[in-house]
Amino acid sequence: MPFRYYLRVRYIECDAQKVVFNSRYGEYVDVSINEFLRATGVLQAFTDGHLDFQLVKQTTEWKAPARFDQVLELSISATRLGNTSFTLFTEFRIAGDERVDERVIATVETVYVLVDARTLTKLPLPDALRAALQEGAAGRTTDHAGYQPRMSPQSNALRA
């Protein structure tokens with residue numbers, strides 16, 4: 001079970017078509033990856049230490065829209081760990097939308113390169129970071145939408 005992050009779509013994040021504006025998906029991924037790194041126990045190495053990472057590539061595919069006030073569930077997992085780079089894959093779903101059988105509404109593949117925070121030179125992935133990304137905070141959740149307490153026991157059982 002991958003790490004999950006819940007957020008609620010705010011009115012300001014929607015466009016004239018009343019759906020989430022395309023650039024917001026990158027912002028959502030950015031916030032969720034920080035929470036993913038916090039859940040894996042390595043965020044502090046980036047905020048207080050000598051490590052940092054830079055975006056190399058981000059590819060988004062949309063399958064269905066998200067709308068104002070919907071709760072989005074983002075599932076994050078590491079799909080590739082290279083020598084100096086790592087790839088994280090994010091799936092977007094509308095939380096609790098049983099009508100669509102939890103279908104994926106968007107996916108985002110994000111490639112980062114690890115760098116020294118001061119010089120911005122590439123660094124090899126340290127063993128501890130590699131292990132944390134491989135484990136991926138499996139089964140852990142961060143809920144900024146206040147969604148989880150409203151989930152029914154049956155919903156939780158289905159997710160396990």
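This chain uses plain numbering: 1 for the first residue, then up along the sequence. Note: hydrogens, waters and symmetry copies are ignored here, and every other heavy atom, side chains too, is used.
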Counting only heavy atoms not in Asp127, do more than 12 fall under 6.0 Å of its CG? no

Looking just at side-chain N and O atoms, do Glu61 and Thr107 make a donor-acceptor pair shorter than 3.5 Å? no

What I'd like to find out is whether the side chain of Arg80 reaches to under 4.5 Å of the side chain of Ser85, using heavy atoms alone. yes

What one should report as the nearest heavy-atom pair of Gly136 and Phe36 is O-CE1, 3.2 Å

Hey, are the side chains of Arg38 and Thr142 touching, using non-hydrogen atoms and a 4.5 Å cut-off? no

Within the 4.5 Å heavy-atom criterion, are Tyr28 and Glu13 side-chain neighbours or not? yes

Roughly how far apart are Tyr5 OH and Asn34 CG, rounded to 0.5 Å? 9.5 Å

Do Leu43 and Val29 sit in one hydrophobic cluster, given that two such residues count as connected whenever their side-chain heavy atoms are within less than 4.5 Å of each other, even indirectly? yes

Under-4.0 Å salt bridge between Glu135 and Arg140: yes

Measure the shortest side-chain to side-chain distance between Leu51 and Val115 over non-hydrogen atoms and say whether it is less than 4.5 angstrom. no

Less than 4.5 Å apart, any side-chain heavy atom of Val20 and any of Arg67? no

Atom of Leu55, atom of Thr110 and distance for their closest heavy-atom approach: CD1-CG2, 3.4 Å

Any chance you could lay out the side-chain hydrogen bond (donor to acceptor under 3.5 Å, both in side chains) test for Glu73 and Tyr6, step after step, and finish with the verdict? CA-CA 5 Å; Glu73 176 186 301; Tyr6 291 95; 2.8 Å; yes

Going through the distances and angles, do Leu88 and Ile33 end up as a side-chain contact (heavy atoms from CB on, under 4.5 Å)? CA-CA 8 Å; Leu88 301 178; Ile33 286 175; 3.8 Å; yes

Atom pair OG1 (Thr40) and CG (Leu37), whose distance is rounded to the nearest 0.5 Å: 5.0 Å

Quick check for you: to the nearest 0.5 Å, what is the distance between Arg103 atom CZ and Arg93 atom CZ? 11.5 Å

Does some side-chain heavy atom of Thr84 sit less than 4.5 Å from a side-chain heavy atom of Leu123? no

I'd like to check Leu7 versus Val31 (side-chain heavy atoms, cut-off strictly below 4.5 Å). Are they in contact? no

Does Phe3 form a side-chain contact (heavy atoms from CB on, under 4.5 Å) with Leu74? I'd like the steps, not just the answer. CA-CA 8 Å; Phe3 170 78; Leu74 285 66; over 6 Å; no

Would a distance-only check, ignoring hydrogens and angles, find a side-chain to backbone donor-acceptor pair under 3.5 Å from Arg130 to Gly82? yes

Go through the steps for Arg4 and Thr141 under the test side-chain hydrogen bond (donor to acceptor under 3.5 Å, both in side chains), then give the verdict. CA-CA 5 Å; Arg4 290 180 313 208; Thr141 300; 3.3 Å; yes

Any heavy-atom pair between the side chains of Phe89 and Ile76 that's under 4.5 Å? no

Calculate, to the nearest 0.5 Å, the distance between atoms CG and OG1 belonging to Leu72 and Thr90 respectively. 12.0 Å

Heavy-atom closest contact (Gln58 atom, Gly26 atom, distance): OE1-CA, 3.9 Å

Rounded to the nearest 0.5 Å, the CG atom of Asp143 sits from the CD atom of Glu35 at a distance of 11.0 Å

In terms of the angle between their ring planes, are Phe53 and Phe86 parallel, tilted or perpendicular, with boundaries placed at 30° and 60°? perpendicular

Could you tell me which non-hydrogen atom of Pro65 sits nearest to which non-hydrogen atom of Ile94, and how far apart they are? O-CD1, 4.3 Å

Residues Val108, Thr59; criterion side-chain contact (heavy atoms from CB on, under 4.5 Å); working and verdict: CA-CA 5 Å; Val108 179; Thr59 305; over 6 Å; no

side-chain contact (heavy atoms from CB on, under 4.5 Å) for Tyr25 and Trp62? Distances and angles first, verdict last. CA-CA 10 Å; Tyr25 287 83; Trp62 290 274; 3.2 Å; yes

Determine whether Leu120 and Val111 fall in the same hydrophobic cluster, where Ile, Leu, Val, Met, Phe, Trp and Tyr are linked whenever their side-chain heavy atoms lie under 4.5 Å apart. yes

Inter-residue atom distance Lys18.NZ - Phe68.CZ, 0.5 Å rounding: 11.5 Å

Can you name the nearest heavy-atom pair linking Asp52 to Leu114, along with the distance? O-CD1, 3.3 Å

Work out which heavy atom in Leu81 is nearest to a heavy atom in Gln134; give both atom names and the distance. CD1-CG, 3.2 Å

